[in-house]
Amino acid sequence: MFIPKVLLVNDDSASLLALSTLLTHQSDYQVITARSGEEALRHVLKHDFAVILLDVSMPSMDGFETAEAIHSHPRSASVPIIFVTAHYADEIHRLKGYQKGAVDYLFTPIIPQILQTKVAVFVELAKKNLQLQHQKQELEQLNIDLTAQRKLDLQHIQERKQAEQALRQSQEELRQLASYQERIKEDERKRIAREIHDELGQNLLALRIDIAMLHARTGSHPKLNSKINGVLDHIDSTMKAMRAIINNLRPTVLDLGLNAAIEWQVKEFQRRTGITCDLVMSDEEIVVDDNRATALFRILQESLNNVFRHARATKTTIEVVRTESELHMRVADNGVGIYPNCRRKSNSFGLVGIKERVATLGGELDIETEQEKGTSVNVRIPLEDSPVGPDGIKAFERLMAPIHVASERRAAKGTTPPLVGGQFKRPATRRKKELQQGK
Ligand SMILES: Nc1ncnc2c1ncn2[C@@H]1O[C@H](COP(=O)(O)OP(=O)(O)OP(=O)(O)O)[C@@H](O)[C@H]1O
Ligand SMILES: [Mg+2]
């Protein structure tokens, strides 16, 4: 614990004792005495004093010289000095005392309480000063700690930035890889379709021509003729099946444009399943690149297949809209809705495939479903390729995120759109406008 010290300097031992007695009853500081200026200087070199009470007239080194020497040393340069004198009570000496840096100049006889109060003030000042010094040290230490912490933080931020950059890069690579795989798959499908068409198709055609010729020449043998007729029917149905396979592998109907392909697909679905379809599509030809057109077509195929296989629906609405920057498609049915935990079966790949296709094109998939009210698969695909960089992470997140099912939200908002109409209809510019406005 810090105990302030007070130095009393006087060559007269009676005065020293009197002063000392006056002050030592105070317990919160320690009194040290010196009989000469030289002894006082020795103490000052060893201790820090709250205040020094200095006699003016002393042999060899008087009070003024002692004060000068004390203040000339850096350690004691600012220690307060109070002159106490019985002999030099005139104004000239008093002035000299102040000139030597004294804070006070007292004459004897001294009123004890006044001296005690003055000393107490300096003792208190010394305590406060020490406190301030401690606080200053603490602040300096805090500052050092904060600077070090800031340095560490900056380092962490830098490291995190680098890690994020590396992650973005690998995610972008992953996205490109997925997109590349998708292209390869489609190319391979096209190649197989071409092979079937060119090899199997040509051979079947040649076979049909020969059999047709045989059929024409066997008119006089009714039994044989009808058998050959049966073979011809067989060949025709095989060719039909082959064309269906080719179309499945490579939707040749896409060559007629996306609008025509979608119309064909929807018509076919309605014919095959008997489920009523409303097609809502803009009048204008939707022109997009091959990648996007194929993706949209495949997504439509899978969504309709799901309606047929799982929804037990009687109606389906298909909306396709191209805005300035995006392609929107919505396939909504009025079926049973997706049962909880059914969406992610281990051997189900349809919805996952849709999600992957959409993600590789930088788009978004949103599935809204409500029990016994139906399901709506909503797809948004940007028309521009997403730039490398921050969007890489988005594409990856989209790919890794669970498929979003917004049943509760839709139910709460009560926005399930009624599935209107039963006939196959086409232009719906009104709907396009609504979608463009984000409705
Ligand atoms: N329109 C829908 N109505 C009701 N349930 C659906 C609908 N679409 C999907 N589901 C449910 O979600 C599940 C997952 O669909 P997904 O297309 O991923 O797989 P799948 O159709 O079962 O098999 P796959 O498509 O791989 O042949 C389905 O098994 C079905 O239970
Ligand atoms: Mg499926």
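Atoms within each ligand, like the ligands themselves, are counted from 1 in listed order. Computed from a prediction, not measured in an experiment: that's the story for all the values here.
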TODO: Tell me yes or no: between the side chains of Q171 and R168, is some donor less than 3.5 Å from an acceptor?
DONE: no

Open item on the list: If the threshold is 4.0 Å, N to carboxylate O, is there a salt bridge linking E124 and K128?
Closed with: yes

Task: Under 2.8 Å from the Mg ion (ligand 2), the protein N, O or S atoms, given as residue and atom - done: E302 OE2, N306 OD1

- [ ] Examine F349 against ligand 1 and note whether any of their N/O atoms are separated by less than 3.5 Å.
- [x] yes

Task: Sidechain N-carboxylate O distance under 4.0 Å for E368, R330 - done: no

- [ ] Would you check the N or O atoms of V352, main chain and side chain alike, for any that come under 3.5 Å of an N or O of ligand 1?
- [x] no

Task: Ion pair check, E188 and K185, cut-off under 4.0 Å - done: no

Task: Heavy atom of E302, distance to ligand 1 below 4.0 Å - done: yes

Open item on the list: Once you restrict to heavy atoms under 4.0 Å, what part of T369 touches ligand 1? Side chain, backbone, both or neither.
Closed with: neither

Open item on the list: Can you tell me how the ring of Y98 sits relative to the ring of Y105, calling it parallel under 30°, perpendicular over 60° and tilted otherwise?
Closed with: tilted

Task: Cationic N near anionic O, under 4.0 Å, D48 to R75 - done: yes

Task: Atom indices of ligand 1, in the order listed, that fall short of 4.0 Å to a heavy atom of G337 - done: 4 (C), 5 (N)

Open item on the list: Out of all atoms in ligand 1, which are within 4.0 Å of some heavy atom of A311? Include the element for each.
Closed with: 1 (N), 3 (N), 4 (C)

Open item on the list: Using only atom types and a distance under 3.5 Å, with no angle test, would you say the side chain of N259 pairs donor to acceptor with the backbone of I286?
Closed with: yes

Task: Pairs involving residues 200-220, ordered by first then second residue, that meet salt bridge (charged side-chain N to carboxylate O under 4.0 Å, His left out) (sequence neighbours left out) - done: R208-D236

TODO: From atom 17 (O) of ligand 1, work out which of V331, N306, T375 has a heavy atom at the shortest distance.
DONE: N306

Task: Carboxylate-amine/guanidinium contact R42 E39, below 4.0 Å - done: no

